[in-house]
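Below: one structure, written as structure tokens.
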Amino acid sequence: MRTETKCIHEGWKPSEGEPRQLPVYQSTTFKYDTSDTMGQLFDLEREGYFYTRLQNPTNDAVAAKIAALEGGVAAMLTSSGQAANFFAIFNICEAGDHFIASSAIYGGTYNLFGVTMKKLGIECTFVDQDLPEEELDKYFKPNTKAVFGETVTNPTVTIFDFEKFSRLAHKHGVPLIVDNTFATPVNCRPFEWGADIVTHSTTKYMDGQGVSVGGCIVDSGNFDWMAHADKFPGLTTPDESYHGITYAERFGKAAYITKATAQLMRDFGAIQSPQNAFYLNLGLETLHVRMERHCSNALAVAKFLESHEKVAWVHYAGLENDKYHDLAKKYMPNGTCGVLAFGVKGGREKSIKFMDSLNFASIATHVADAKTCLLHPASHTHRQLTETQLKEAGINPDLIRLSVGIENVEDILEDLKQALDRI
Ligand SMILES: *Cc1c(COP(=O)(O)O)cnc(C)c1O
């Protein structure tokens, strides 16, 4: 099946007489007749459901669809994108370990990695992702366990160079983890470019309607944990908290996701509710149609803003003169996403006047859904960052993040134009 068909038919595959649409298994528990069967489930010797914190059929069907879309071997849904990124790292890093992340990543992830994970004894070095390979090489240490980036960064919409980072990560025997939220597997499949693990905030385009917060982790199954056994003892030595199982031996390509489920989800419990997984599945069914429209609308908006006299600058990799146009063309030939960044002349004050003058385009701490919305990171999402941290993250104080929706593009342009006229 091609991507568009996978969006619709992967995951839930009903047999004769079963519901065509994915049922919501709204149940905490699952029934068994013998104590022995239940025991085998706990020993991971038998497949089956027993408690929704560990696995649920609705969630599993949706995770399987996302795994298929990404071309991975297994996936796990989480309660949010934050939980997905936390688990993705914490599944292979413990106190005393180190990892490398692009400094241009989403503000929430930046905080998680730089502040909260530090309290757990895990150190993150943030790097300028545009540095040449030999410069980036210097940041690796003997205790480095992973490299992390975003396909299209939120909110600066820069493009990640997969091949450069996968060469570096693999040279040092560690996996490359990529947050593919903005591009979605419709526009980019990081595994085809050397990424080993992909994460998503499914809250964004995958859900697509601003309905439910959620996340997902997908494993390509490509990283050979046993070949670097000393670096990843959590996967390559017995887990005493789970009957002495060695995940990489017992589960092969599914080791990483099995460990994340059996250990992290068991202990932290950040599950997606089956009802939210159901909404997510509805979003996935139309993802390919919506992404196409988000991209064509965003390109038209970027061109309009670029030529407007009151606009100081526009960042959108779809624009031919954008710094990231070539990387975007290579990794995302059909378009990147519907999010772009720009600044209006006159800085902060004029930006605020512009935003307050819009009609249907609304101010929202959200991106990537059907409705056009926008945000001023320096006064909203990133307000906890210092000026230096803002600069490090590549965020100008005048940056407006515009998430172009799937309304008629003429209406979007008219709304932007009338608001620009008023400043
Ligand atoms: C929103 C977002 C997150 C966090 O996801 P939540 O679902 O809000 O927890 C992580 N990464 C990226 C790129 C995001 O846009």
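Note: hydrogens, waters and symmetry copies are ignored here, and every other heavy atom, side chains too, is used. All figures in this text were calculated on a predicted structure; none of them were measured in a lab. We count ligands from 1, going down the list as the structure has it; atoms in each ligand are counted the same way.
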Using distance alone, determine whether [X] and ligand 1 share an N or O pair under 3.5 Å.
X: Asp179; answer: yes
X: Val367; answer: no
X: Asn154; answer: yes

Can you tell which of [options] gets a heavy atom nearest to [atom]?
atom: atom 6 (P) of ligand 1; options: Gly107, Gly81, Ala183; answer: Gly81
atom: atom 7 (O) of ligand 1; options: Thr203, Thr151, Thr365; answer: Thr203
atom: atom 4 (C) of ligand 1; options: Tyr205, Tyr106, Tyr110; answer: Tyr106

_Tell me which one of Ile66, Thr184, Thr181, Asp207 satisfies side-chain contact (heavy atoms from CB on, under 4.5 Å) with Thr202._
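Of all the options given, the one that passes is Ile66.
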*asked:* Checking a contact table here: which protein heavy atom is nearest atom 5 (O) of ligand 1, and how many Å away?
replied: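 Here the closest protein heavy atom is Ser201 OG, 3.0 Å.
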*What residue and atom, counting heavy atoms only, is the protein's closest point to atom 1 (C) of ligand 1, and at what distance?*
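So the nearest neighbour among protein heavy atoms is Lys204 NZ, 1.5 Å.
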Mark up the atoms of ligand 1 that fall under 4.0 Å of a heavy atom belonging to [X], in ascending order.
X: Gln82; answer: 4 (C), 5 (O), 6 (P), 9 (O)
X: Glu150; answer: 13 (C)
X: Gly214; answer: 7 (O)
X: Phe182; answer: 15 (O)

Less than 4.5 Å apart, any side-chain heavy atom of [X] and any of [Y]?
X: Val301; Y: Leu416; result: yes
X: Pro142; Y: His98; result: no
X: Phe140; Y: Val147; result: yes

*Are Ala84 and ligand 1 in contact, using a heavy-atom cut-off of under 4.0 Å?*
no
*Determine whether more than 12 heavy atoms belonging to other residues, nucleotides or ligands lie under 6.0 Å from atom NZ of Lys164.*
yes
*Please indicate whether Glu320 has more than 12 foreign heavy atoms, meaning atoms of other residues, nucleotides or ligands, lying under 6.0 Å from its CD.*
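Counting neighbours around CD of Glu320, 12 or fewer heavy atoms of other residues, nucleotides or ligands fall under 6.0 Å, so no.
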_cation_pi(Lys204, Tyr106) dist<6.0 Å, angle<=45_ =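 Because its charged atom sits under 6.0 Å from the ring centre and within 45° of the axis, Lys204 does stack over Tyr106.
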_Can you tell me how far apart OG1 (Thr151) and OH (Tyr331) are? Round to the nearest 0.5 Å._
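Reported value, rounded in 0.5 Å steps: 10.5 Å.
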*Asp326/Lys330 ion pair, N-O < 4.0 Å*: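 A salt bridge is absent here (no side-chain N lies under 4.0 Å from a carboxylate O).
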